[in-house]
Protein chains: 2
Amino acid sequence: MPLLLLKDLPRYECLLEAAREFPDLDPSAAEAFLHLLRASDEAYGINARNMAAHGISAGRFSVLMLLWRGDQVRSKAPAGTMQCDCGPRTPASLADACGVTRATMTGLIDTLERDGFVKREPDPADRRMMSVHLTPKAEAFLRDYMPGHFKIISSIMSALTEPERKTLVRLLVKVQQQAATLAGTPQAVPN
Amino acid sequence: MPLLLLKDLPRYECLLEAAREFPDLDPSAAEAFLHLLRASDEAYGINARNMAAHGISAGRFSVLMLLWRGDQVRSKAPAGTMQCDCGPRTPASLADACGVTRATMTGLIDTLERDGFVKREPDPADRRMMSVHLTPKAEAFLRDYMPGHFKIISSIMSALTEPERKTLVRLLVKVQQQAATLAGTPQAVPN
DNA sequence: AGCTTATAGTTAGGTAGCTAACTAGTATTG
DNA sequence: CAATACTAGTTAGCTACCTAACTATAAGCT
């Protein structure tokens with residue numbers, strides 16, 4: 001939960017007033033921006049508290065999901081068709097998929113390994129590399145955890161009807177793409 | 001920038017497929033949720049990088065804004081009408097307004113004071129209390145920083161038309177209120 | 001008054017991010 | 001084939017958040 005946010009957002013009239021002093025302030029843009037961050041923060045917080053109650057964090061959850069997805073793809077693939085890459089396994093590729101640095105991933109894997117969720121194994125081919133694997137404990141945890149996780153997300157989004165969700169996604173994609181462009185990292189079009 | 005997010009969001013078909021395994025997974029809810037966090041994260045990131053380039057963080061910015069707003073209210077108030085509270089001044093009230101703990105606020109004020117943006121002064125009436133004040137350096141900084149800040153926000157939100165912004169805000173308010181209800185802290189209706 | 005309770009601020013110790021720098025191993029190349 | 005450059009992972013040190021515990025002060029209650 002990254003609180004850059006004031007607990008009470010400024011009211012729209014205050015934005016209008018402030019815009020008199022700062023011509024660069026676009027009240028409707030600022031309003032939308034603040035509400036975006038506020039809503040996201042609130043939704044994120046619900047989830048983060050649930051994760052914390054189960055002893056994991058967002059970063060740890062991401063790693064577990066990536067490894068799990070890879071395992072599932074692997075177990076479903078027909079025998080003999082395994083030369084595809086089945087999701088990230090090394091710290092560097094996990095870091096890349098999670099959007100964190102390798103250093104951060106080292107820390108995440110450290111605590112995940114300490115808590116018995118993953119195991120590091122050296123790569124026989126390249127002695128610089130490690131391979132990270134889920135333990136049975138982690139698989140059991142995920143199988144137990146995910147239903148509640150999905151219930152929470154559904155419950156947050158129950159505020160919106162199906163068409164409202166589509167509209168929201170459409171608007172959010174626009175904002176995200178514009179932001180990605182500004183960040184100088186034009187992402188592939190999502191969905 | 002709180003990266004709980006995978007860099008590539010799962011495509012909608014993957015959500016549909018996963019929903020077969022997990023009946024609690026509502027694909028459109030998950031899609032909206034992920035896009036909300038992703039868009040917010042991207043927008044937040046633009047801003048955070050700009051702040052970092054100016055040597056401040058989101059938390060520090062919040063504190064500066066709160067103190068500044070208080071100062072402005074104070075300087076505009078007609079003489080003799082100053083018994084109102086003019087915004088938070090003590091670490092505890094700043095912490096409350098920012099939505100962080102007092103301990104966190106101590107840390108923020110520590111570094112702000114170290115960098116010459118604020119000064120702590122003991123309260124003469126209650127010797128437990130401190131009063132935090134902006135320095136002229138901070139005021140100069142804010143006057144210089146804010147126009148660029150507003151420009152960035154406008155530029156992110158330039159992806160949306162005026163009516164789209166209103167729609168986005170309306171949907172986000174619904175989500176935020178629902179989340180706040182789930183968090184057990186039903187907030188006052190914003191705006 | 002004197003004990004208890006509450007409050008303001010800080011401190012200590014934890015997690016999760018970051019950057020920068022280091023080690024060890026692999027690749028490239030003159 | 002030796003010097004160089006790159007890569008994988010880790011380490012160290014930073015910020016910002018958290019909770020829990022501590023100190024000092026103030027307030028409330030017999």
Side-chain angles (χ1 to χ4, degrees), chain A residues 1-5 7 41 44-45 47-49 51-64 88-115 117-132, chain B residues 1-5 7 41 44-45 47-49 51-64 88-115 117-132:
Chain A
M1 268 197 292
L3 261 294
L4 95 159
L5 278 170
K7 218 172 57 180
D41 186 58
Y44 177 87
N47 227 268
R49 279 188 286 275
M51 287 179 180
H54 287 81
I56 58 169
S57 69
R60 298 172 60 149
F61 180 71
S62 294
V63 174
L64 294 178
R89 295 239 80 86
T90 67
S93 59
L94 287 168
D96 188 54
C98 288
V100 301
T101 62
R102 287 176 327 207
T104 297
M105 189 52 62
T106 294
L108 282 173
I109 296 172
D110 279 349
T111 65
L112 282 170
E113 189 164 35
R114 181 201 60 193
D115 295 351
F117 286 113
V118 304
K119 274 194 64 139
R120 268 184 255 236
E121 277 160 30
D123 184 309
D126 187 334
R127 282 193 288 169
R128 291 169 304 181
M129 289 208 273
M130 305 293 283
S131 179
V132 183
Chain B
M1 270 197 292
L3 260 296
L4 94 160
L5 278 169
K7 218 172 56 179
D41 188 56
Y44 177 88
N47 226 268
R49 280 189 286 276
M51 287 179 181
H54 286 81
I56 57 169
S57 69
R60 297 172 61 149
F61 181 70
S62 294
V63 174
L64 293 179
R89 293 238 83 86
T90 67
S93 60
L94 287 167
D96 188 54
C98 287
V100 301
T101 61
R102 286 175 326 201
T104 297
M105 189 51 62
T106 293
L108 281 173
I109 295 173
D110 280 349
T111 66
L112 281 170
E113 190 165 34
R114 181 200 62 194
D115 295 351
F117 285 113
V118 304
K119 274 195 63 141
R120 269 185 255 237
E121 278 160 30
D123 184 310
D126 186 334
R127 283 194 289 169
R128 289 170 305 183
M129 290 208 272
M130 304 294 284
S131 179
V132 183

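Chain letters run A, B, ... following the sequence lines, proteins first, then strands; residues in each count from 1.
- Atom-to-atom, CZ of B:R49 to C1' of C:dT19 comes out at 15 Å; the value is rounded to the nearest Å.
- Note on A:T106: a base of the nucleic acid sits closer than 4.0 angstrom, heavy atoms only.
- Between A:T111 and C:dT15 there is no side-chain polar atom (N or O) within less than 4.0 angstrom of OP1 or OP2.
- Here A:H54 contributes atom NE2 and A:F61 contributes atom CZ; the two are 11.0 Å apart, rounded to the nearest 0.5 Å.
- The two residues A:P91 and A:M130 come nearest to each other via the heavy atoms CD-O, 3.6 Å.
- Contacts of A:D115 classified as salt bridge (charged side-chain N to carboxylate O under 4.0 Å, His left out), with partners at least two apart in sequence or in another chain: A:R60.
- Taking atom CG of A:D41 as the reference point, atom P of D:dA16 lies 17 Å away to the nearest angstrom.
- With C:dG17, D:dC18, D:dA16 as the candidates, the nucleotide lying closest to the side chain of B:V100 is D:dC18.
- With rounding to whole Å, B:M105 atom CE is found 8 Å from D:dC17 atom P.
- In this model, the phosphate group of C:dA8 is not approached by any side-chain N or O of B:R89 to a distance below 4.0 Å at OP1 or OP2.
- The nearest whole Å value for the distance from the CG atom in A:L94 to the C1' atom in D:dT10 is 16 Å.
- Rounded to whole Å, the distance from CZ on B:R60 to C1' on D:dT15 is 9 Å.
- Rounded to an integer number of Å, the gap from A:L108 CG to C:dC18 P is 9 Å.
- As a whole-Å value, the separation of B:M51 CE from D:dT15 C1' is 15 Å.
- Between the CE atom in B:M105 and the OG atom in B:S62 there is a gap of 8.0 Å [rounded to 0.5 Å].
- Summarising the geometry, the separation between CG on A:D123 and C1' on D:dG9 is reported as 13 Å, rounded to the nearest angstrom.
- When each of C:dG9, C:dA16, D:dT15 is scored by its nearest atom to the side-chain atoms of A:S57, the top-ranked nucleotide is C:dA16.
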B/S/- along nucleotides 20-27 of chain D (protein heavy atoms under 4.0 Å) is B---BBS-
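- Residue B:T101 places at least one side-chain N or O closer than 4.0 Å to OP1 or OP2 of D:dC18.
- For residues 117-126 of chain A, the set of pairs meeting the side chain to side chain donor-acceptor pair (under 3.5 Å) definition, not counting sequence neighbours, comprises A:D110-A:R120, A:E113-A:R120, A:D126-A:R128.
- Base engagement by B:T104 is indicated by at least one non-hydrogen atom pair under 4.0 Å involving a base atom.
- One distance of note links CD1 of A:I109 with CZ of A:R102; it measures 12.0 Å at 0.5 Å rounding.
- Partner A:C98 forms a side-chain contact (heavy atoms from CB on, under 4.5 Å) with one of A:L108, A:T104, A:V63 and no other, that one being A:V63.
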